[in-house]
Amino acid sequence: MKQHFKFLKSKIEGLYSIERSLIEDERGSFSRFFCEEEYKNIGFSQPIRQMNNSFTKKKGSVRGMHFQNSPFQETKIVRCIKGKIFDVAVDIRKNSPTFLKWHSEILTADKGNSLFIPEGFAHGFQTLTNNCELLYMHSNFYSQEAEGALNAFDPKINISWPLEVTEISDRDRNNPLIDK
């Protein structure tokens with residue numbers, strides 16, 4: 001069977017960068033975004049329950065670092081479908097050897113790569129170009145009551161954002177710092 005994905009392990013257990021195989025001809029290209037059968041190779045067998053789309057206008061904008069608490073924890077598969085982003089996942093699994101460590105990937109529409117973010121991670125990104133659009137697949141439904149967030153500028157996490165931050169919501173800017 002042809003493999004449509006290359007799953008690249010990160011230094012954080014369960015977190016993968018995903019490259020797609022393109023089928024190209026004179027018209028353009030085709031690739032899969034998701035295949036339940038192939039994602040089982042990395043241990044993902046949950047249903048996809050929700051798909052979201054975000055659009056961010058200004059280069060340098062930061063969104064995040066968001067997560068869902070139990071019982072609404074979710075796995076996310078994130079792809080940039082327009083522009084270029086610095087995508088970040090922070091391990092918030094308290095018993096993990098990489099607790100509060102972060103991993104980043106540059107996701108671009110041209111490359112078509114994705115980030116697989118399992119349950120127990122906070123997620124956010126910074127736009128590296130104007131007019132970025134993202135597509136997210138989620139393994140669980142969103143619950144406002146289960147919503148959680150880290151401060152994107154928390155020194156205990158120390159994310160190295162590549163650009164000066166041009167935009168961030170008041171809500172994201174005012175997320176509390178980690179006190180432990």
Side-chain angles (χ1 to χ4, degrees), residues 5-20 22 29 31 33-34 39 42 44 50-68 73-93 96 98-139 142 147-178:
F5 305 98
K6 185 176 185 179
F7 297 101
L8 307 168
K9 289 183 179 182
S10 74
K11 292 180 180 178
I12 300 177
E13 182 66 34
L15 189 65
Y16 290 86
S17 176
I18 304 167
E19 295 177 356
R20 289 180 174 68
L22 290 179
S29 65
S31 69
F33 183 72
F34 177 79
Y39 273 71
I42 60 170
F44 180 69
Q50 188 169 303
M51 289 182 71
N52 295 324
N53 178 256
S54 72
F55 177 76
T56 307
K57 295 178 186 178
K58 194 170 181 183
K59 177 180 177 178
S61 297
V62 169
R63 290 184 184 256
M65 302 296 299
H66 307 138
F67 60 91
Q68 291 279 286
Q73 287 183 308
E74 61 188 358
T75 295
K76 291 182 184 178
I77 302 167
V78 181
R79 179 169 179 211
C80 181
I81 59 173
K82 183 177 181 185
K84 181 178 180 179
I85 66 163
F86 178 79
D87 205 34
V88 179
V90 177
D91 187 350
I92 57 172
R93 302 171 294 184
S96 170
T98 53
F99 180 63
L100 297 183
K101 302 292 183 207
W102 59 275
H103 175 83
S104 67
E105 293 286 335
I106 303 293
L107 303 182
T108 70
D110 294 342
K111 191 173 176 185
N113 56 331
S114 298
L115 190 59
F116 177 88
I117 306 167
E119 292 179 4
F121 283 76
H123 171 254
F125 65 91
Q126 183 177 45
T127 55
L128 301 177
T129 61
N130 289 328
N131 301 317
C132 289
E133 191 169 2
L134 275 65
L135 185 64
Y136 308 77
M137 295 175 66
H138 301 261
S139 66
Y142 169 78
E147 186 177 80
L150 301 175
N151 190 300
F153 309 106
D154 194 314
K156 290 195 176 172
I157 302 168
N158 198 28
I159 298 170
S160 298
W161 299 106
L163 301 177
E164 179 182 342
V165 175
T166 57
E167 299 283 332
I168 186 168
S169 71
D170 287 340
R171 184 177 134 223
D172 285 346
R173 181 185 314 282
N174 294 318
N175 284 322
L177 298 175
I178 297 166

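Since the structure is predicted, the reported quantities are computational estimates derived from the model, not experimental observations. Computation of the quantities below employed the complete heavy-atom set of this structure, encompassing side-chain atoms and omitting hydrogens, waters and symmetry-equivalent molecules.
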Find the distance between [atom1] ([X]) and [atom2] ([Y]) and round it off to the nearest 0.5 Å.
| X | Y | atom1 | atom2 | answer |
| --- | --- | --- | --- | --- |
| Y39 | F5 | OH | CZ | 4.5 Å |
| I85 | S61 | CD1 | OG | 12.0 Å |
| S104 | I159 | OG | CD1 | 9.0 Å |

> Just checking, any donor-acceptor pair under 3.5 angstrom between side chains of D87 and H123?
Replying inline: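 Checked: D87/H123 side chains pair up, N/O donor to acceptor below 3.5 Å.
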Looking only at heavy atoms, which two atoms of [X] and [Y] are closest? And how far apart?
| X | Y | value |
| --- | --- | --- |
| C132 | G83 | SG-CA, 4.1 Å |
| T75 | P118 | OG1-CA, 3.7 Å |
| F116 | L15 | O-CD1, 3.1 Å |
| A152 | M65 | CA-CG, 4.0 Å |
| L128 | P162 | CD2-CG, 3.7 Å |
| I77 | F34 | CD1-CD1, 3.8 Å |

Taking the side chain as every heavy atom from C-beta outward, state whether [X] and [Y] have any atom pair closer than 4.5 Å.
| X | Y | answer |
| --- | --- | --- |
| V78 | L134 | yes |
| S96 | K101 | no |
| R93 | F121 | yes |
| F125 | T56 | yes |
| F67 | L150 | yes |
| T108 | C80 | no |

> Do the rings of Y16 and F7 sit parallel, tilted or perpendicular, given the 30° and 60° boundaries?
Replying inline: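 Aromatic pair Y16/F7 classed perpendicular.
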> Using the ring of each side chain (for Trp, its six-membered ring), is H138 parallel, tilted or perpendicular to Y136, with breaks at 30° and 60°?
Replying inline: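 Answer is parallel, since the angle falls under 30°.
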Return the set of residues passing side chain to side chain contact (heavy atoms under 4.5 Å, CB included) with [X] (not counting sequence neighbours), or none when no residue passes.
| X | result |
| --- | --- |
| A149 | H66, N175 |
| I81 | N53, R79, E133, L135 |
| F99 | K94 |
| L8 | K6, S17, E19 |

Do side-chain atoms of [X] reach the backbone of [Y] as a donor and acceptor pair under 3.5 angstrom?
| X | Y | value |
| --- | --- | --- |
| R20 | G112 | yes |
| N113 | I106 | yes |
| N151 | P176 | no |

>> Quick one, L163 with F86, criterion side-chain contact (heavy atoms from CB on, under 4.5 Å). Give me CA distance, side-chain angles, the key distance, then yes/no.
In response: CA-CA 10 Å; L163 301 177; F86 178 79; over 6 Å; no
> Can we say R171 and E147 salt-bridge, meaning some charged N sits less than 4.0 Å from an Asp/Glu carboxylate O?
Replying inline: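 A salt bridge is present here (some side-chain N lies under 4.0 Å from a carboxylate O).
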>> Test side-chain contact (heavy atoms from CB on, under 4.5 Å) on Q126 and V165; report intermediate values, then the result.
In response: CA-CA 8 Å; Q126 183 177 45; V165 175; 3.9 Å; yes
>> Show, in sequence, the C-alpha distance, side-chain angles and deciding distance for K11 and T98, and conclude whether the side-chain contact (heavy atoms from CB on, under 4.5 Å) test is met.
In response: CA-CA 9 Å; K11 292 180 180 178; T98 53; over 6 Å; no
>> Show every salt bridge (charged side-chain N to carboxylate O under 4.0 Å, His left out) that has at least one partner inside residues 157-169, sequence neighbours left out.
In response: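 For residues 157-169, and leaving out neighbouring residues, the salt bridge (charged side-chain N to carboxylate O under 4.0 Å, His left out) pairs sorted by first residue read K58-E167.
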> salt bridge (Lys or Arg N to Asp or Glu O under 4.0 Å) with R63: which residues, sequence neighbours excluded?
Replying inline: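 With neighbours one apart ignored, the set is empty.
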